[in-house]
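Comments concern the structure below.
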Amino acid sequence: MILLLDTHLLLWAAGNRERLSAAATALLLDPAHELLFSAASIWEVTIKSGLGRDDFQVDPRRLWRMLLTHANGNCR
């Protein structure tokens, strides 16, 4: 199954896993599933990060590098 992660789910999966339900975690960790994310999510993170909000401390470049590193050649 292909799973397209929205921005919140992408951020939680990347660095805040305790926010995910047990069912969501099981889906994300199942090797039978292909996980995809949109470039729009990186764009959204970049915009929110640029606003300097105290409640949003995500470095979009670091997130992008981490996602590419863990894509295992399956990035598209």
Side-chain angles (χ1 to χ4, degrees):
M1 177 187 317
I2 296 174
L3 302 174
L4 177 60
L5 309 182
D6 73 357
T7 304
H8 279 104
L9 198 57
L10 179 66
L11 290 172
W12 294 346
N16 217 356
R17 285 199 177 165
E18 64 277 357
R19 304 239 8 218
L20 296 171
S21 69
T25 300
L27 286 170
L28 294 174
L29 294 177
D30 186 336
H33 297 150
E34 182 178 3
L35 305 179
L36 302 179
F37 63 91
S38 172
S41 289
I42 303 302
W43 172 75
E44 183 179 356
V45 168
T46 301
I47 288 173
K48 288 187 177 182
S49 177
L51 293 174
R53 292 178 18 188
D54 289 337
D55 65 335
F56 196 84
Q57 302 295 319
V58 178
D59 179 350
R61 283 183 229 127
R62 184 170 178 232
L63 176 63
W64 178 248
R65 282 192 304 270
M66 190 258 327
L67 291 169
L68 290 179
T69 298
H70 294 291
N72 296 323
N74 294 321
C75 187
R76 56 177 164 138

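Owing to the predicted nature of the structure, the values given are computational and were not obtained by experimental measurement.
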Query raised in the report: Does the side-chain contact (heavy atoms from CB on, under 4.5 Å) test come out yes or no for Leu67 and Leu10, once each step is laid out?
Result: CA-CA 9 Å; Leu67 291 169; Leu10 179 66; 3.7 Å; yes

Query raised in the report: Step by step, would you call Ile42 with Leu63 a side-chain contact (heavy atoms from CB on, under 4.5 Å)?
Result: CA-CA 8 Å; Ile42 303 302; Leu63 176 63; 4.0 Å; yes

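A search for side chain to side chain contact (heavy atoms under 4.5 Å, CB included) contacts involving Ala26 returns nothing, not counting sequence neighbours. With sequence neighbours excluded, the residues that form a side chain to side chain contact (heavy atoms under 4.5 Å, CB included) with Leu29 are Arg17, Thr25. A search for ring-ring contact (aromatic ring centres under 6.0 Å, His included) contacts involving His33 returns nothing, not counting sequence neighbours.
Applying the salt bridge (Lys or Arg N to Asp or Glu O under 4.0 Å) test to residues at least two apart or on different chains, the pairs with a partner in residues 35-47 are Glu44-Lys48.
Under the 4.5 Å side-chain criterion, counting only non-hydrogen atoms from C-beta, Thr7 is in contact with Val45.
A continuous path of hydrophobic side-chain contacts links Met1 to Leu28 [ILVMFWY only; heavy atoms under 4.5 Å].
Applying the under-4.5 Å side-chain rule to Ile, Leu, Val, Met, Phe, Trp and Tyr, the cluster around Ile47 extends to Trp43.
Counting only distance, with no hydrogens or angles, the side chain of Ser49 and the backbone of Val58 share a donor-acceptor pair below 3.5 Å.
Leu5 CG to Leu36 CG: the interatomic distance, rounded to the nearest 0.5 Å, is 7.5 Å. Note: Leu4 CG to Ser41 OG = 7.5 Å, rounded to the nearest 0.5 Å.
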